[in-house]
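Following: one structure in structure tokens, then a few remarks.
Only this structure's heavy atoms are used, side chains among them; waters, hydrogens and symmetry mates stay out. Small disclaimer: the values here were computed from a predicted structure and weren't measured.
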Amino acid sequence: MKMSQIFVQTLREYPADAEVISHKLLVRAGFIKKLANGIYNYLPLMWRVLKKVENIVREEMDAAGAQELLMPFVQPEELWQESGRWNVYGKELMRLKDRHDKSMCLGPTHEEIITFIAREGIQSYKQLPVNLYQIQSKFRDEIRPRFGLLRGREFIMKDAYSFDVSEEALDKSYKIMAAAYTKIFDRCGLETKMVQSDSGAIGGSVSHEYMVLTKTDSGENDVFYCEKCDFAANSNHTTSVLPPAKTDGGFAKLEEVSTPNVKTIDEVAEFLKVEKTVICKSMVYVADGKPVLVLIRGDKNIEEIKLLNATGANELRIACEGEIEDLMRAHNFNAAAGFIGPVGMDKVKIIADLTVKELKNFVAGANKNDMHLVGVNLSDLSKDVVFADIRLACVGELCPQCQDELKVTRGIEVGNIFKLGTKYSAKMSATFAAEDGTEKPFIMGCYGIGISRTAAAAVERYHDENGIKWPVAIAPYHVIVIPVNAADEKQMSIAEDIYKKCLSNGLEAVLDDRDFRAGVKFKDADLIGFPYKIVVGKGIEKGLIEFKNRMTGEALEIKPEEIFDYIKVECV
RNA sequence: CGGGACGUGGCGCAGCUUGGUAGCGUACUACCUUGGGGUGGUAGGGGUCGCAGGUUCAAAUCCUGUCGUUCCGACCA
């Protein structure tokens, strides 16, 4: 392809509305163009990248024995009623009506549809196992889309679904997918970590996420890992072991103390001269519309996903001021946030983190403004407390497997695998005849890869101040040939010659034939991120051209016929 | 959901306080110049100033509403 003919416009400046580097660079280098909030056009360069990621995914899925199909993007309400998710999925599910007023939705994921397909198409255990997948646009009406392709509303995803006769067979399918995923991201040139995770709205028992470790602070997830053993988990699923701490407040008896305008844990600890570890932090949440009092040791924080699971609710948020007032009024208390405590709260569900179990003679809000209680014990509460692990792990805590110190890093989730079990097959009556003649629901697994997010994660991971550094396997083109001086006939003709040789050697090459100064062409080449750059300049008088590797920075002067010794491209 | 900020050629912005011919940089077109990291110059084309009302002789500018974009937030960070 000639550079002058590629449909692309690079910008001199970053777009004003972009925050993360992958978003800024993809817009500035002319890969994407926003159409609406969280909805992007994939321009020709981007589409080439996405097709490469797709092809790697497709090849490895096929090699793992999965079969590709394509399901509809618009789905009928009925199936979602069957699975029970129509009323559970919330506003992220984009609902719409057709001309006959029939209720439909845009597919955010396809468990319902694939279960329908299996129900219709699989009658016998002899047809199992089977793994079906598709690569398609998904739509999730995110509360707050941002970060460009990293969290769009419309995005491209590969989703696969396995059907097995038993849990043991599912284990096998799951392991095959795990191995395929490792291979896929390897081939994309991305280092990933497989981590334990929460299974969220998709449901199921076991799940793992594949995280690209960005080596910077970008990425939406915190990943805790252990260098000594193989432990790694998303922060929303990390159970850590706490180092010893003082948990006895030492207050001899239960009494109220005046704490004027002392609200936060830090202020309380400072005012009463106690460790934060002997204060019980009390927060009011609203789970599916009902208030819940949540307790945790003062030096620790709530992990809301864990809390959500502990409540069994679908939706969880922290209470607003008015809701707190209502709750306090119901108990004939008058206290604002900062002075709330568990003593006397008998008309509300109380969920406490496991750290609270250890507390003795501790400090808590008195449910009166400007007052706290000291010397509180759990036996002073008038209502039973539900204990659960709802704590956000943090650095300094210990690995649950080997007690070594946990480390944390930021990661971008590019893939996940779930064991679904019979969650969908049971509800949707998707069964097969087992070997013993009985009807059994399918044992299912599901496996996703964010295609567009993977591409964005690659930019997030590999870039410098001049632009993108695409891994060769997913770069839009492999090599760009730049004649320094477009007016120099010798340079031009040799550049063209090299370009043609690249093409006939199976390389995806671009010739920068534009009548621009060298600097402009170099800047664009770096910005767009061609992995290999061949420069034909004055050196040609001595029979030499320049070769640069964008990823490694390697730069050499070589003879034109030597370039193929340096360009390593997989599956040419 | 709540709060703030911003909507002016493709992109980045000024102008608004104090109402009076719509500007700058970049990108684009043509010509000249230059030719190893976004050359320099001349001449052009492109915007009903998000939209709708209102005030006024006159509105990008003041007022009201609305839509969009964006950041932040929930006694934790």
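Listed nucleotides B:G12, B:C76, B:C71 differ in distance to A:Glu19; the shortest reach to its side chain belongs to B:C71. Closest to the A:Ala486 side chain, of the nucleotides B:G35, B:U39, B:U70, is B:G35. Here the side chain of A:Lys281 is nearest to one of B:C76, B:C75, B:C72, namely B:C76. Listed nucleotides B:G36, B:U39, B:G10 differ in distance to A:Leu11; the shortest reach to its side chain belongs to B:G10. Taking every side-chain heavy atom of A:Lys34 into account, B:U70 is the closest of B:C75, B:G36, B:U70. Picking from B:G36, B:C75, B:C11 the nucleotide with the shortest atom distance to the side chain of A:Ile324 gives B:C75. The side chain of A:Glu13 approaches B:G12 more closely than any other nucleotide in the set B:C76, B:G36, B:G12. Checking B:U69, B:G37, B:C72 against the side-chain heavy atoms of A:Lys523 singles out B:G37 as nearest.
Among the heavy atoms of the strands, none lies under 4.0 Å from A:Asp488. Using a 4.0 Å heavy-atom cutoff across all strands shown, A:Ile265 reaches sugar-phosphate atoms only and no base atom. Using a 4.0 Å heavy-atom cutoff across all strands shown, A:Val284 reaches at least one base atom of the nucleic acid. Nucleic acid contact for A:Asp526: base, since at least one base atom lies under 4.0 Å from a heavy atom of the residue. Using a 4.0 Å heavy-atom criterion, one finds that A:Asn485 contacts the bases of the nucleic acid, with or without backbone contacts as well. Using a 4.0 Å heavy-atom criterion, one finds that A:Glu546 contacts the bases of the nucleic acid, with or without backbone contacts as well. A:Lys276 comes within contact range of no nucleotide atom at all, as no heavy-atom separation falls under 4.0 Å. As judged by a 4.0 angstrom heavy-atom cut-off over every strand, A:Ala336 is placed among residues making no nucleic acid contact. Residue contacts for A:Ala337: at a heavy-atom cut-off of 4.0 Å it reaches a base atom on one of the strands shown.
For A:Lys538, a side-chain nitrogen or oxygen approaches OP1 or OP2 of B:G36 to under 4.0 Å. Taking side-chain N and O atoms only, A:Arg517 has a distance below 4.0 Å to OP1 or OP2 of B:U39. Applying the 4.0 Å criterion to OP1 and OP2 of B:G36, one finds that A:Lys548 has every side-chain N and O outside that range.
Under a 3.5 Å cut-off, the side chain of A:His478 and the backbone N or O of A:Ala509 do not form any donor-acceptor pair. Looking only at distances, a side-chain donor or acceptor of A:Arg95 sits under 3.5 Å from a matching main-chain atom of A:Trp86. With hydrogens and angles disregarded, a donor-acceptor distance shorter than 3.5 Å links the side chain of A:Glu267 to the backbone of A:Lys263.
In this structure, CZ of A:Phe516 is placed 14 Å from P of B:G40, rounded to the nearest angstrom. Between the OH atom of A:Tyr40 and the P atom of B:U69 there is a distance of 10 Å, given to the nearest Å. A:Arg28 has its CZ atom 15 Å from the P atom of B:U26, to the nearest Å. One can place CG of A:Asp353 at 16 Å from P of B:C76, the figure rounded to the nearest angstrom. In this structure, CG of A:Asp266 is placed 12 Å from C1' of B:C75, rounded to the nearest angstrom. At whole-Å resolution of the value, NZ in A:Lys33 and C1' in B:G10 are 7 Å apart. With rounding to whole Å, A:Asp515 atom CG is found 12 Å from B:C28 atom P. The distance from atom NZ of A:Lys368 to atom P of B:C75 is 24 Å, rounded to the nearest whole Å.
The nucleotide B:A22 finds no pairing partner, because no Watson-Crick or G-U wobble arrangement with both distances shorter than 3.5 Å includes it. Across all strands shown, the partner of B:C1 is B:G73, judged by Watson-Crick or G-U wobble contacts whose two distances both fall under 3.5 Å. Taking a pair to require two hydrogen-bonding distances under 3.5 Å in either a Watson-Crick or a G-U wobble arrangement, B:G68 pairs with B:C6.
Look at the P atom in both B:G10 and B:G54: the space between them is 29 Å, to the nearest Å. If you take atom P in B:U55 and the same atom in B:A30, they sit 49 Å apart, rounded to whole Å. Here, B:A59 and B:U8 have their C1' atoms 14 Å apart, quoted to the whole Å. With both ends at atom C1', the span from B:G23 to B:U69 equals 24 Å, rounded to whole Å. If you take atom C1' in B:G2 and the same atom in B:C11, they sit 33 Å apart, rounded to whole Å. Nucleotides B:C63 and B:U56 place their C1' atoms 12 Å apart, quoted to the nearest Å. Of the P atoms belonging to B:C67 and B:A60, the separation is 23 Å, rounded to the nearest Å. If you take atom P in B:A22 and the same atom in B:G45, they sit 16 Å apart, rounded to whole Å.
A cation-pi arrangement is present between A:Arg48 and A:Tyr477, with the terminal nitrogen or guanidinium carbon under 6.0 Å from the aromatic centre and inside a 45° cone about the axis.
Summary of the strand contacts: A:Gln491 and A:Gln9 both lie near RNA chain B, and taking for each the nucleotide with the nearest heavy atom, the more 5' one is attributed to A:Gln9. If A:Pro15 and A:Tyr285 are placed on RNA chain B by their nearest nucleotide, the residue sitting closer to the 5' end is A:Pro15.
A salt bridge links A:Lys533 to A:Asp526: one of the charged nitrogens lies within less than 4.0 Å of a carboxylate oxygen. A salt bridge does not link A:Lys500 with A:Asp497: none of the charged nitrogens is closer than 4.0 Å to a carboxylate oxygen. Note on A:Lys501 versus A:Glu561: no salt bridge recorded, every NZ/NE/NH1/NH2 to OD/OE distance being 4.0 Å or above. A salt bridge links A:Arg297 with A:Asp299: at least one charged nitrogen is closer than 4.0 Å to a carboxylate oxygen.
Judged by distance alone, the side chains of A:Ser240 and A:Glu397 do bring a donor and an acceptor atom under 3.5 Å apart.
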Sub-3.5 Å pairs of nitrogen or oxygen atoms, protein against nucleotides 66-68 of chain B:
none

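With respect to A:Arg151, the salt bridge (Lys or Arg N to Asp or Glu O under 4.0 Å) criterion is satisfied by exactly one of A:Glu19, A:Glu92, A:Glu142: A:Glu142.
A 6.0 Å sphere centred on NZ of A:Lys290 holds no more than 12 heavy atoms belonging to other residues, nucleotides or ligands.
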